Amino acid sequence: MVHFQETLISWYLIHKRDLPWRETRDPYKIWLSEIILQQTRVVQGTSYYLKFINEFPTVKDLSESSEQKILSLWQGLGYYSRARNLHAAAKEIIKNNEGVFPSNYNDLLKLKGVGPYTAAAISSFSFNEAKAVVDGNVFRVLSRIYDISTPINSSQGVKDFQELAQSILNKSDPATHNQAIMEFGALVCTPKAPKCNKCPMTLECSSFKNDTIKMRPVKIRKGTVRSRFFIYKVFYNSPEKLLFLKKRKAKDIWQNLYDFDHQEFTKKELFDEHIQTFQNEKHTVSLSHKLTHQHIMAFFVLCPTIKKKINKELVPVKINELKTYPIPTLIKKYLEQEPEIPNSV
DNA sequence: AACCCGGGGGG
DNA sequence: CCCCCAGGGTT
């Protein structure tokens, strides 16, 4: 056990990447980086982290921002509830805790958007609390080293891996240990084509010995992908350069982001049928957009107008103000390729 | 326990 | 095409 810890940390000190959030123990910065990196690759999240730290150097700065501004900065990163919870948690800290960041696992866990993984990460990285992190990397590394077949997304698996991770945690330096095991999973013990030839721990890796690497970790497959069909009416006042946006308020994808007036169809047949009624329109665009659990087919019809107000649901936005409105990537892709709405994004 | 929430990249 | 990514919240 002790040997395992030493091997891991030795490997880490040599091979660790130089990442901006590793230069600090400020819990605010660690927290921000961890929320951004949830279900997100380091290469995708890094520029967002730098943007947020630059815009909001302290939790107080973040708490005083508008949600819309935070969502705009978050635009393109996905899982937008993270941004909404981030803002809510910042306001909680200012209001209830006088701006002092929670400094232990149990208090961190109370923050919106902070679960067991993130609480363990912040408490260990910032405060050296001996709590083991269990993220996707840790599940994978431990399932291989100990050749565990319990599904990682079963309740039993979550419990077992959490206990195992805690039992092998280097209690004298939990911060380095936690970062090391995740870094090892990200760089060597990768999901596909793990680099066993460069692994310092093959001698103590049970699944390497048993030739079960490819079968680890075991994961229960999830349900099917839902198909959705959107027809967007894009009202645009060309002389005034006004685009009419609609805020998405439902508990659905892209909550509190903006798109256009639209109608949704569940069945492709009805969608195709309705599209036919626009066959004489000159400015239409078809796009497909794939999310993890949804496949969206979108059809956009440009609707020229000279009105400055249509109804209370549709917000008239000047093209050059559009960047202050958070929009889904699907909408961004549309604006990039509709020549009648120039220079909008 | 099952389902929901984005977008991008590797293989 | 399928899977995964420094997961968490809701039902």
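Residue numbers start from 1 in every chain, and the chains themselves are labelled A, B, ... in the order their sequence lines are given, proteins ahead of strands. Everything quoted here is computed from the prediction, not taken from an experiment. Below, all heavy atoms of this structure are taken into account, side chains as well, without hydrogens, waters or symmetry copies.
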Could you give the side-chain donor-acceptor pairs of residues 106-114 of chain A under 3.5 Å, partners two or more places apart or in another chain?
residue: A:Asp107; atom: OD1; partner: A:Lys110; partner atom: NZ; Å: 3.2
residue: A:Asp107; atom: OD2; partner: A:Asn104; partner atom: ND2; Å: 2.9

Separation between NZ (A:Lys29) and OG (A:Ser126), nearest 0.5 Å, reads 11.0 Å
Minimum-distance nucleotide to [X] side chain [options: [options]]:
{"X": "A:Thr40", "options": "B:dG6, C:dG8, C:dC3", "answer": "B:dG6"}
{"X": "A:Arg41", "options": "B:dG8, C:dG8, B:dC5", "answer": "B:dG8"}
{"X": "A:Met182", "options": "C:dA6, C:dC2, C:dT11", "answer": "C:dA6"}
{"X": "A:Tyr79", "options": "B:dG7, C:dC2, B:dC5", "answer": "B:dC5"}
{"X": "A:Val42", "options": "C:dA6, C:dC2, B:dG6", "answer": "C:dA6"}
{"X": "A:Trp21", "options": "C:dA6, B:dG7, B:dA1", "answer": "C:dA6"}
{"X": "A:Pro116", "options": "B:dG6, C:dA6, C:dG8", "answer": "C:dG8"}
{"X": "A:Asn137", "options": "B:dG8, C:dA6, C:dC3", "answer": "C:dA6"}
{"X": "A:His293", "options": "B:dC5, C:dG7, B:dG7", "answer": "B:dC5"}

Under 3.5 Å, is there a donor-acceptor pair linking the side chains of [X] and [Y]?
{"X": "A:Thr58", "Y": "A:Asp61", "value": "yes"}
{"X": "A:Thr118", "Y": "A:Gln38", "value": "yes"}
{"X": "A:Tyr232", "Y": "A:Asp259", "value": "yes"}

Can you tell me, in whole Å, how much space there is between the P of C:dT11 and that of B:dG6?
15 Å
**Study point:** Nearest-angstrom distance, P atom, B:dC3 to C:dA6
**Key:** 25 Å
Does a nitrogen or oxygen in the side chain of [X] sit under 4.0 Å from OP1 or OP2 of [N]?
{"X": "A:Thr329", "N": "B:dG7", "value": "yes"}
{"X": "A:Arg84", "N": "B:dC5", "value": "no"}
{"X": "A:Gln294", "N": "B:dG6", "value": "no"}
{"X": "A:His289", "N": "B:dG6", "value": "no"}
{"X": "A:Tyr49", "N": "C:dA6", "value": "no"}
{"X": "A:Arg22", "N": "C:dA6", "value": "no"}
{"X": "A:Gln39", "N": "C:dC5", "value": "no"}
{"X": "A:Lys290", "N": "C:dC1", "value": "yes"}

Under the 3.5 Å rule, do the base of C:dG8 and the side chain of A:Ser81 count as making a donor-acceptor pair?
no
Answer for the Watson-Crick or wobble partner of B:dG7, both distances under 3.5 Å, is C:dC5
Practice item. Give the ring-plane orientation class for A:Tyr334 versus A:Phe300, where under 30° counts as parallel, over 60° as perpendicular and anything between as tilted. Key: parallel
Walking DNA chain B from its 5' end, the first of A:Gln156 and A:Ala193 to be reached, judged by nearest nucleotide, is A:Gln156
Comparing A:Ser155 with A:Lys192, nearest DNA chain B nucleotide closer to 5' gives the residue A:Ser155
A:His295 atom NE2 is separated from B:dG7 atom C1', nearest whole Å, by 14 Å
Give one of base, sugar-phosphate or nothing for [X], where a contact means two heavy atoms less than 4.0 Å apart.
{"X": "A:Ile36", "answer": "nothing"}
{"X": "A:Asp252", "answer": "sugar-phosphate"}
{"X": "A:Ser33", "answer": "nothing"}
{"X": "A:Val114", "answer": "sugar-phosphate"}
{"X": "A:Gly45", "answer": "nothing"}

Q) Given the rule that I, L, V, M, F, W and Y join up when any side-chain heavy atoms are under 4.5 Å apart, are A:Phe299 and A:Leu330 in one cluster? A) no
Whichever of A:Asn85 and A:Arg17 has the more 5' nearest nucleotide on DNA chain C, that residue is A:Arg17
